[in-house]
Amino acid sequence: EAGVTQFPSHSVIEKGQTVTLRCDPISGHDNLYWYRRVMGKEIKFLLHFVKESKQDESGMPNNRFLAERTGGTYSTLKVQPAELEDSGVYFCASSQDGGRDIQYFGAGTRLSVL
Amino acid sequence: GDSVTQMEGPVTLSEEAFLTINCTYTATGYPSLFWYVQYPGEGLQLLLKATKADDKGSNKGFEATYRKETTSFHLEKGSVQVSDSAVYFCALSGGSSGSARQLTFGSGTQLTVLP
């Protein structure tokens, strides 16, 4: 069974450009989460989908970030326009049941904004 | 809100040395506690977890005990190997912040084990 897949693994863009990150969760997992780690600090929660619905987006930093999960399968996280402080590693995770079920993580996308 | 504080790194040990990585948390309610590990070039993997006070999680020789009285979940291993070199993250869920589902992480501890 495939794990959580994220791509690209690394993206380098200039300030002001747009970047779209993609996450494919484990098949059958209704819950999908986005997190990010900035500047080697703690990993912070961004948002949580249950199927195609946003269950909790309290961690989204501002309106330059847009997450979607059309059809309840894969998800995209778009940053538009990107700023220098958006650089970091963006992780996606999925879980089957939610609640206190185990979250399985992808390898992350390293975003560098120059 | 919830928070997790873990030992600053990096930590460098010789093979077969004893490892302790300290982790304390702040949360109301009854959070679940986790240790995740990230090996070079890979995603985060759950190493172990504990869901209630005095529970001990264990896996691959690592152990951590949920101590509610000291709000701690320290990671230990009796004899580390070179292959244990990785970044270790302490985390909690089900506390007071947000939904029961989001994980709150510490800042991570880089461990390097030398042969």
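Chain letters run A, B, ... following the sequence lines, proteins first and then strands; every chain starts at 1.
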Decide yes or no for B/Q102 and A/S58: does some side-chain heavy atom of the first lie under 4.5 Å from some side-chain heavy atom of the second?
-> yes
Atom CD of B/E69 with >12 non-hydrogen neighbours under 6.0 angstrom = yes
Does CD belonging to B/E8 count more than 12 external heavy atoms closer than 6.0 Å?
-> no
Same cluster (ILVMFWY, side-chain, under 4.5 Å), B/F105 and A/V38 | no
Structural part of B/Q45 lying under 4.5 Å from a heavy atom of chain A = neither
Between A/Y104 and A/L77, is there a shared hydrophobic cluster once you connect ILVMFWY residues whose side-chain heavy atoms come closer than 4.5 Å?
-> no
Is there a path of hydrophobic side-chain contacts, each under 4.5 Å between heavy atoms of I, L, V, M, F, W or Y residues, that connects B/L44 with A/L21?
-> no
Among the clusters formed by ILVMFWY side chains lying less than 4.5 Å apart, do B/Y88 and B/M7 turn up in the same one?
-> yes
Close contacts, residues 106-115 of chain B versus chain A, judged by heavy atoms under 4.5 Å = B/G106, B/S107, B/G108
Just wondering, more than 12 heavy atoms not from A/K54 lying within 6.0 Å of its NZ?
-> yes
Taking all non-hydrogen atoms of both residues into account, name the closest pair between B/F89 and A/I43 and its distance.
-> CE2-CD1, 3.6 Å
Top contributor to chain B interface from A/K41, A/R37, A/K44 [non-hydrogen pairs under 4.5 Å] | A/R37
Just wondering, more than 12 heavy atoms not from B/E15 lying within 6.0 Å of its CD?
-> yes
Toward chain B: residues of residues 105-114 of chain A with heavy atoms under 4.5 Å = A/F105, A/G106, A/A107
Quick one: NE2 on A/H48 to CG on B/L103, what's the gap to the nearest 0.5 Å?
-> 10.5 Å
Shared hydrophobic cluster, A/V89 / A/M60 (ILVMFWY, side-chain heavy atoms < 4.5 Å) | no
Spacing of B/Y36 atom OH and A/F91 atom CZ [to the nearest 0.5 Å] = 12.0 Å
Does any heavy atom of chain B fall under 4.5 Å from the side chain of A/Y35, the backbone, both, or neither of them?
-> side chain
Taking everything shown except B/F62 itself, do over 12 heavy atoms lie less than 6.0 Å from its CZ?
-> yes
